[in-house]
Amino acid sequence: SLAQAALSKRGLYNLVLGTVAGTTIWHSFINGPIAYKNLPRQQFGNLQSKLFPPFFALQTGGSALLLFMYSRANKLLRSDLNAWLLSGMGIVGLLNLTLVGPWTTKIMKRRHRLERLEGTTYDAPDAPPSSQMAALNKRFAIAHSVSSLLNLGFLGASVSLALLVGEYGLV
């Protein structure tokens, strides 16, 4: 029955893998771009700062659960691609959850505060940014790029893992 399949080890594994991969695809390519195009920039940033912690927690926790389930069902070898992909996914999620995400959010909030103090935007077309704003812009670009690259790494690993599971099963 459907309930038995969903509660089986293989069914639960596939459900968790589908959830973390699907959520990453949804947030990265559908939800994020739609919100960016339809919300004022500061509202978009504030929304993302609330969405990212649970998103990265889902990536991290889902990856840890998958690695646990996989390791219980298989003897792990150093050359085991599935274990490497799952470990990489967990590390990337954890980095974004605990370090890079909060770092990016902190810079974004400092930039929002400075915009209010200066009465301008970070990219005002009529005047060059202040030296303080230029420094924050540079730091934000770096932090956001690191977070985005980590997220793309997670996406690549989760899709690769899904393709491996789809082709060869959970063995």
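What you see below is based on every heavy atom in this structure, not just the backbone, and it leaves out hydrogens, waters and symmetry mates. Residues take their numbers from the sequence shown, with the count starting at 1.
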Check: T24 and F55 side chains under 4.5 Å, non-hydrogen atoms: yes
By side chain to side chain donor-acceptor pair (under 3.5 Å) - contacts of N38 (at least two apart): none
Spacing of CG belonging to L15 relative to OG1 belonging to T19, to within rounding of 0.5 Å: 4.5 Å
Under 3.5 Å donor-acceptor, S87 side chain and W84 backbone: no
Separation of I107 CD1 from H144 NE2 (nearest 0.5 Å): 11.5 Å
Verdict with reasoning, M89 to L67, per side chain to side chain contact (heavy atoms under 4.5 Å, CB included): CA-CA 10 Å; M89 289 164 55; L67 183 59; over 6 Å; no
Side chain proximity check, L155 to F29, heavy atoms < 4.5 angstrom: yes
Euclidean distance, R41 CZ relative to N46 CG, rounded to 0.5 Å: 10.0 Å
By side chain to side chain donor-acceptor pair (under 3.5 Å) - contacts of T121 (at least two apart): D123
Straight-line distance of N151 CG to F56 CZ, nearest 0.5 Å: 6.0 Å
Nearest-0.5 Å distance, CD1 of residue I25 to CD1 of residue I30: 8.0 Å
Q42 and E115: CA distance, side-chain angles, deciding distance, side chain to side chain donor-acceptor pair (under 3.5 Å) verdict: CA-CA 10 Å; Q42 287 194 5; E115 285 177 326; 2.6 Å; yes
Trace of the side chain to side chain contact (heavy atoms under 4.5 Å, CB included) decision for T60 with T98: CA-CA 10 Å; T60 304; T98 61; over 6 Å; no
R111 to Y122 - nearest heavy-atom pair and separation: NH1-CD1, 3.4 Å
Separation of L81 CG from L161 CG (nearest 0.5 Å): 8.0 Å
Residues R110, R139; criterion side chain to side chain contact (heavy atoms under 4.5 Å, CB included); working and verdict: CA-CA 11 Å; R110 288 173 70 192; R139 288 207 311 261; 3.0 Å; yes
From CA spacing to verdict: side chain to side chain contact (heavy atoms under 4.5 Å, CB included), T104, F52: CA-CA 11 Å; T104 306; F52 276 130; over 6 Å; no
Parallel, tilted or perpendicular: ring planes of F44 versus Y36, cut at 30 and 60 degrees: perpendicular
Note, L51 side chain near N31 side chain (heavy atom, < 4.5 Å): yes
Partners passing side chain to side chain donor-acceptor pair (under 3.5 Å) against S147 (at least two apart in sequence or in another chain): N96
